[in-house]
Amino acid sequence: MVEISVLIIPGGKMKNYRQPLLTIIIIFATAYILTIVGCAKAGGGSDLSAPAAATPTPNSTSATKDADKPIDLKMMRECSANEFQNLQAWSNAIDDSNEAINKVIGKLDEVTTKLAIIAIKKCDSVVEYHTALPCKRTSVLPVGTTVKGYDAFRLQARCTITEKYLVKYNKRPAPAQASQPKPPFAPKVPVTPSQPAEPIPQQPDAPAQGSYRQCSTDEFVTLKTWRTSLDIANKNISAMNGNLVFNQNAINAATSATQLCEKLIAYHQSQPCQREKAYTGQAMRDQCKAARTYFYDFAQRKDSLIAANARLYFDTAVIANKSFRTGLGENSVYGNCSVSNETADTITYTGQPALVKEARVYTNNDVENGRNMFVFKTEEGLKFECYGLEYSSILTSKTEVVRLLGNKETKISLRYELN
């Protein structure tokens, strides 16, 4: 049943219409009702369609501004090269706009407004696009791996300063009509750099060619940097012909190589790729062994010798089959070291390696009596306090500690096992 309402004009009198006009109104009303009935959901169910989007006004924000929280980075795909190029252009525009706005706080400025309008138009474009197609950018750098997400929430946050400025002065342009973004296209064939990096040898147990995804251009550029850094370190180490000693050039090169190695080992352990050869965590771990070993053995440290990516072990052969009771017992002296058991149980080693949980260097400035010390404790709770070491500076290394103990006729063997 259709109910027709009649418009009543204040004053109690009905508006008089001429017959032709009334006929036209009835025809259009009937057409409208039939349109609604014709669009009803098949099967007799009701279908509440969404209201049409309101036409944005110059002071309104983007129609895509509906994200109330950021998307988890783990759920995002990697941005394509073209997408990231557009995002860089947007980021530069926003930076220029925000910088100009910060310089003219509290007043309208013509040049600033032009920059802001350019930036907000790019904001509308990238927000619209990445609302449907969010992506992330993973960058492996010498100082660490960074991951940046580009979704509606994060993009809108960057646009806030510019948008508020334009809205305040009624200068914000209406967002362009939304359109469905097209998925990014992946390149059909990877572009081979003009100077390819020296390939990492294939591991014996590595999967057959084609089992891994192709390394991206950015990944391969980072791999080239890593390869160059590693080659320099290995060259400096090889020049010593097996007689490894502290060398400033070698330690500098090994430090740089180790930093890159450990970042890339962690990255390619979970995200292996290939470019002629496979780049996996294990492949890179093997390639980096010499440089990393030299670094941990000779790295100059001020206090702790414990490292995050290598475990320190003590060779217990020198105290094998000796029992150490709680506190200071009958075996409480070894060379220039005082040995104590910090647990309630007797500790006896049979020559196996013992994991070192604490290893600390103390220089003259750290100890009241001015005696240089080296203190380490095993995982089982056996503590060594070694005195009278003649450090040449406040910095020393694992190799230097062992050498100085040897000068005191105290044989202590320590080695790092790389993670």
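In terms of heavy atoms, G281 sits closest to Q269 at CA-OE1, 3.4 Å. When all heavy atoms are compared, the tightest approach of A119 to A93 is CB-O, 3.6 Å. Listed here is the closest heavy atom pair of S229 and L260: CB-CD1, 4.0 Å. Contact detail for N331 and S323: the closest heavy-atom pair is ND2-O, 2.9 Å. Between P175 and D124 the shortest heavy-atom distance is CA-OD2, 3.5 Å. The two residues L230 and C261 have their closest heavy-atom pair at CD1-SG, 4.1 Å.
Exactly one residue among I94, T162, L155 makes a side-chain contact (heavy atoms from CB on, under 4.5 Å) with C123. That residue is I94. When each of R213, Q214, R275 is checked for a side chain to side chain donor-acceptor pair (under 3.5 Å) with E219, only R213 meets the rule.
Counting heavy atoms from C-beta on, the side chains of E110 and K114 come closer than 4.5 Å. Residues V375 and E358 have side chains not in contact (no heavy-atom distance under 4.5 Å, counting atoms from C-beta outward). When side chains are defined from C-beta on, Y279 counts as touching F220, because their heavy atoms get closer than 4.5 Å. Side-chain contact between Y165 and N98 is absent, with no heavy-atom pair separated by less than 4.5 Å. Between Y212 and T280, some side-chain heavy-atom pair lies under the 4.5 Å cut-off. The side-chain heavy atoms of K357 and K377, taken from C-beta on, include no pair separated by under 4.5 Å. T112 places none of its side-chain heavy atoms less than 4.5 Å from the side chain of K107. Residues L312 and L355 fail the side-chain proximity criterion, which asks for heavy atoms closer than 4.5 Å.
Y416 and Y296 have tilted rings, their planes meeting at an angle from 30° to 60° on a 0 to 90° scale.
No donor-acceptor distance shorter than 3.5 angstrom exists from the side chain of E400 to the backbone of Y391, with no hydrogens or angles considered. Within the 3.5 Å criterion, the main-chain N or O of I251 finds a donor-acceptor partner in the side chain of T255. Of the possible polar contacts, none joining the S238 side chain to the K235 backbone as a donor-acceptor pair under 3.5 Å is found. No donor-acceptor pair closer than 3.5 Å links the side chain of T378 to the backbone N or O of V356. Using modelled atom types, no side-chain atom of R360 and backbone atom of M373 make a donor-acceptor pair closer than 3.5 Å. At least one donor-acceptor pair under 3.5 Å links the side chain of R77 to the backbone N or O of L133. In this structure a side-chain-to-backbone donor-acceptor pair under 3.5 Å is present from Y294 to V245. At distances below 3.5 Å, not a single donor-acceptor pair connects side-chain atoms of S125 with backbone N or O atoms of K121. Although no hydrogens or angles enter the test, the distance criterion places no donor-acceptor pair under 3.5 Å between the side chain of N309 and the main chain of N419. For T410 (side chain) and N336 (main-chain N/O), a donor-acceptor pair under 3.5 Å exists by modelled atom type.
In this structure, CD1 in I412 is found 5.0 Å from SG in C337, a value given to the nearest 0.5 Å. For the atom pair S413 OG and Y313 OH, the distance stands at 13.5 Å (nearest 0.5 Å). Atom-to-atom distance recorded for I319:CD1 and T348:OG1 is 9.5 Å, nearest 0.5 angstrom. The structure places SG of C79 at 10.5 Å from CD of Q88, a figure rounded to the nearest 0.5 Å. Here the straight-line distance linking atom CG of L264 with atom CE of M284 works out to 4.0 Å at 0.5 Å rounding. The CG atom of L382 lies 9.0 Å from the CD atom of E342; values are rounded to the nearest 0.5 Å.
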Open item on the list: Determine whether Q300 and F246 satisfy the following criterion, side chain to side chain contact (heavy atoms under 4.5 Å, CB included), listing intermediate values before the conclusion.
Closed with: CA-CA 9 Å; Q300 300 294 288; F246 176 83; 3.7 Å; yes

Task: Candidate pair K103 and D109, rule side chain to side chain contact (heavy atoms under 4.5 Å, CB included), full reasoning - done: CA-CA 10 Å; K103 290 180 179 178; D109 177 76; over 6 Å; no

TODO: Test side chain to side chain contact (heavy atoms under 4.5 Å, CB included) on Y169 and T113 and set out the steps.
DONE: CA-CA 9 Å; Y169 296 107; T113 301; over 6 Å; no

Open item on the list: Using the rule given for salt bridge (charged side-chain N to carboxylate O under 4.0 Å, His left out), can you reason through K136 versus D72, listing the C-alpha separation, both sets of side-chain angles and the distance that settles it, and then say yes or no?
Closed with: CA-CA 10 Å; K136 64 183 177 182; D72 187 343; over 6 Å; no

- [ ] Could you walk me through whether K289 and D286 pass side chain to side chain contact (heavy atoms under 4.5 Å, CB included), step by step?
- [x] CA-CA 5 Å; K289 184 177 181 180; D286 292 342; 5.9 Å; no

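Sparse packing is recorded around CZ of R325, with 12 or fewer heavy atoms of other residues, nucleotides or ligands lying under 6.0 Å away. Few gaps surround CD on Q352; more than 12 heavy atoms of other groups in view lie less than 6.0 Å from it.
A salt bridge links E262 with R292: the distance from a Lys NZ or Arg NE/NH1/NH2 to an Asp or Glu carboxylate oxygen falls below 4.0 Å. A salt bridge between K69 and D151 is absent, with no side-chain N of the basic residue lying under 4.0 Å from a carboxylate O of the acidic one.
Residues F376 and F384 place their aromatic rings such that the two centres sit under 6.0 Å apart.
A donor and an acceptor atom, one from each side chain of E380 and T343, are nowhere located under 3.5 Å apart.
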